[in-house]
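Below is one structure, written out as structure tokens; the observations come after it.
All heavy atoms count here, side chains included; hydrogens, waters and symmetry mates do not.
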Amino acid sequence: MSNQHPGTIFITGTSSGLGRASAKLFASRGWTVVASMRNPSKETELAALPNVVLLALDITDPQQIGEAAHATLARGDVDVVFNNAGYGMAGPLEGVTDEQMLRMVHTNLMGPIRVTKAFTPHFREKRGGLFINTTSIGGLITVPLNSMYHATKWALEGWSEGMAFELSQFGIGLKIIEPGGMKTDFFTRSFDAGRHPAYDALVTQVMNAITDPKQMATYSTPEQIAEVVYEAATDGKDQLRYVAGADAKATYATRLQMGDEAFRKAIAQQFFGLRAQA
């Protein structure tokens, strides 16, 4: 499927980061952008763009998802749906509440699934269209004390790959964007944490490694990753995965080269040092 000519794209999570950067990029290239976010009344930058339509959407709310899809399709044809909204969570399982777990699952996994389901009839009837889902390098590899985040991203990876088979029978595409680190406010604005005193020292050790300035210097900007989203939307390729960012590409290549077990042990050594031998 190819969208070489500007069309209409629906994007979730456009209030910041990759979602905002993607909305601006597609709009700058002539696309009509339906930019959804929880509080569009607070948005000024995207609201000022002539071919951007703001829409209220909390993707943890199934009813609002249906209403957003209906409102979007009432405006006309949609070519691409970009399931981007999501957030991170770190901390030990013992320190994560049931409420936190459910919120993460409903945002990072059930949200994209429900949005996809809401738009699928439109794409099926016209026998065309493309879904793009943001997972993460964290859907291909794991680091310690981020188990719930990885659970949702690995699940979204598997669901997306499986879903692509059935959608393809109706001329509908599905692609996955797997960014590495991004230079955003992800660790302050779009982040949650579980706390338990028995794990505090380990959490500090892991987060210090993830947010180390040398490590963060390798991260991409949201604008760089948005270019990959645009590529996926317009290249017409029958390609499922787009690993995005130099750090993500290098990390994933290392895993494939080393093999799962050797890579897992290397990660343990990287984050825990001698503790990995215990």
Show every donor-acceptor pair shorter than 3.5 Å between a side-chain atom in residues 162-174 and any protein atom, with sequence neighbours excluded, or say none if there are none.
from: Ser168; atom 1: OG; to: Ala164; atom 2: O; distance (Å): 3.4
from: Ser168; atom 1: OG; to: Phe165; atom 2: O; distance (Å): 2.6

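For Phe131 and Phe82, the ring centers sit 6.0 Å or farther from each other. Aromatic pair Phe119/His122: ring centres not closer than 6.0 Å.
In this structure, Lys24 does not pair ionically with Glu223, as no charged nitrogen and carboxylate oxygen lie closer than 4.0 Å.
Checked against side-chain hydrogen bond (donor to acceptor under 3.5 Å, both in side chains), Thr97 has the following partners two or more places apart in sequence or in another chain: Gln100. Looking at residues two or more places apart in sequence or on another chain, you find a side-chain contact (heavy atoms from CB on, under 4.5 Å) between Ala56 and Pro40, Gln64. Lys126 is linked by a side-chain hydrogen bond (donor to acceptor under 3.5 Å, both in side chains) to Asp77, counting only residues two or more places apart in sequence or in another chain. For the salt bridge (Lys or Arg N to Asp or Glu O under 4.0 Å) test, residues two or more places apart in sequence or in another chain that qualify with Arg264 are Glu261.
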Subject >> Stepwise side chain to side chain contact (heavy atoms under 4.5 Å, CB included) check, Arg103 with Met89 >> reply: CA-CA 11 Å; Arg103 177 173 175 258; Met89 179 192 292; over 6 Å; no
**OP:** Quick one: do Glu157 and Arg241 satisfy side chain to side chain contact (heavy atoms under 4.5 Å, CB included)? Show the steps, please.
**Re:** CA-CA 9 Å; Glu157 282 275 332; Arg241 289 184 169 87; 2.7 Å; yes
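Between Trp31 and Phe26, the ring planes lie perpendicular to each other; the angle is over 60°, past the 30° to 60° tilted range.
The main-chain N or O of Val229 is never found under 3.5 Å from a side-chain atom of Glu227 such that the two would form a donor-acceptor pair. A donor-acceptor contact shorter than 3.5 Å links the side chain of Trp154 to the backbone of Gly138.
Contacts classified as salt bridge (charged side-chain N to carboxylate O under 4.0 Å, His left out) and involving residues 61-75 (residues at least two apart or in different chains) are not found.
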